[in-house]
Amino acid sequence: MICPDRSFYNRSTDLVAVELLGNKLVRIISHGQEKPKRLSGIIVETEAYGSNEDGASHAFRGLTLRNAVMFGEVGRAYIYFIYGNHFCLNISAKPLEIEAGAILIRALQPVEGLKIMKIFRKNCQELSLTSGPGKLGQALNIQKSMNGKDMTDQKSNIHIEFGVKPPGIMATKRIGTSKALDKKWRFISLDTSEKGYVTNRFASRRG
DNA sequence: TCGATGATTGAG
DNA sequence: TCAATCATCGAA
């Protein structure tokens, strides 16, 4: 299975965010003696975050303990805890000359392991399984201990597999922040958006 | 230390 | 529209 390699992530974060759409996020769940279970989904919504030029980025004020992955090797999982409830998954990415950056994975179209995702998500409807960064964190049982994992490693229990570029993509302003509103760095795959797989709470407020 | 806050969500 | 909920970070 081909996948985006390390150099894929060594480019501008907004370009990487666009090109992650259509690829597959895979999570392997190991439980005792049972054989490992595959959970996966097509990436249908992403957001790019930059360095000290991007007021909305966690890296805006420089290196801290939390955002260290954004400053390190590209292609690694940056996982943070937010609002006392949710784990969100990013992949570190940046051109060589930029200090830090990451792509937030905001939504998936679930493909494999829906039954297990529904258990983690307390039996919600399919369209609500992974249609938000906190939701997919819960559906895939993403833990803080996975921070820094190599997303290009096909044997890892969380990684990216190569997929098909979606036919249509739209860029909007990023959600959940009031900063750097000039940057249209949220990207969604249009066909899956119409089916309701992306965050739609803000659908009426285009940007 | 300490207080403010947040790349969200589910319920009302 | 609103509260839940707590790790993180900058200021004191």
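Chain letters run A, B, ... following the sequence lines, proteins first, then strands; residues in each count from 1.
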Do Phe81(A) and Tyr49(A) sit in the same hydrophobic cluster, where Ile, Leu, Val, Met, Phe, Trp and Tyr count as joined when their side-chain heavy atoms come under 4.5 Å apart? no

Interatomic distance where CZ belongs to Arg174(A) and P belongs to dT8(B) [whole Å]: 11 Å

Other cluster members, Val164(A) - Ile/Leu/Val/Met/Phe/Trp/Tyr, side-chain contacts below 4.5 Å: none

In whole Å, what is the span from the CD1 atom of Ile79(A) to the P atom of dT8(C)? 13 Å

Hey, does Arg186(A) reach any base, or is it just sugar-phosphate, or nothing, if we go heavy atoms under 4.0 Å? nothing

In whole Å, what is the span from the CG atom of Asn147(A) to the C1' atom of dT8(C)? 13 Å

Once you round it to whole Å, what is the distance between P of dT8(C) and CE of Met70(A)? 16 Å

Check each residue of residues 45-68 of chain A for a non-hydrogen atom within less than 4.0 Å of any atom in DNA chain B, then write out the ones that pass by number, or none. Tyr49(A), Ala56(A), His58(A)

Any donor-acceptor N/O pair, Asn67(A) side chain to Gly62(A) backbone, under 3.5 Å: yes

Pairs flagged by side-chain hydrogen bond (donor to acceptor under 3.5 Å, both in side chains) wherever residues 85-102 of chain A is involved - sequence neighbours left out: none

Taking NZ from Lys184(A) and P from dA7(B), how many angstroms apart are they, rounded to a whole number? 20 Å

Tell me every residue that passes ring-ring contact (aromatic ring centres under 6.0 Å, His included) with Phe8(A), counting only those two or more places apart in sequence or in another chain. none

Backbone of Val74(A) reached by a side-chain donor or acceptor of Arg6(A) within 3.5 Å: yes

Among all residues two or more places apart in sequence or in another chain, which pass the salt bridge (charged side-chain N to carboxylate O under 4.0 Å, His left out) test with Arg61(A)? none

Within residues 126-143 of chain A, those residues having any heavy atom closer than 4.0 Å to DNA chain C are none

Look at the aromatic rings of His58(A) and Tyr80(A) and report parallel, tilted or perpendicular, splitting at 30° and 60°. perpendicular

Leu181(A) has an atom CG; how far is it from atom C1' of dA7(B), in whole Å? 13 Å

Under 4.0 Å from any atom of DNA chain B, heavy atoms only: list the residues of residues 88-104 of chain A that qualify, in numerical order. Asn90(A), Leu104(A)

Taking the hydrophobic residues Ile, Leu, Val, Met, Phe, Trp and Tyr, and joining any pair whose side-chain heavy atoms are under 4.5 Å apart, which ones share a cluster with Leu15(A)? none

Would you list the protein and nucleotides 3-6 of chain C atom pairs, both N or O, that sit under 3.5 Å from each other?
from: dT5(C); atom 1: O2; to: Tyr83(A); atom 2: O; distance (Å): 2.4

What I want to check is whether the side chains of Ser189(A) and Glu45(A) have a donor and an acceptor closer together than 3.5 Å. no

Contacts of Asp54(A) meeting salt bridge (charged side-chain N to carboxylate O under 4.0 Å, His left out) (sequence neighbours excluded), chain-then-number -> Arg174(A)

Give a yes or no answer on whether the side chain of Arg106(A) reaches the backbone of Ser131(A) with a donor-acceptor pair at less than 3.5 Å. no

Dot-bracket for DNA chain C, please, read 5' to 3', with Watson-Crick or G-U wobble pairs under 3.5 Å on both distances, ( ) within the strand, [ ] crossing, | other strand, . unpaired. ||||.||||||.

N-O pairing of Lys195(A) and Glu126(A) below 4.0 Å: no

Here the ring-ring contact (aromatic ring centres under 6.0 Å, His included) pairs for residues 168-193 of chain A, sequence neighbours left out, are none

May I ask you to decide if Asn141(A)'s main-chain N or O and Arg27(A)'s side chain share a donor-acceptor pair within less than 3.5 Å? yes

base_contact_polar (dA7(B) base, Tyr80(A) side chain, donor-acceptor, <3.5 Å): yes

Test: Glu112(A) and Lys37(A) ion pair at under 4.0 Å: no

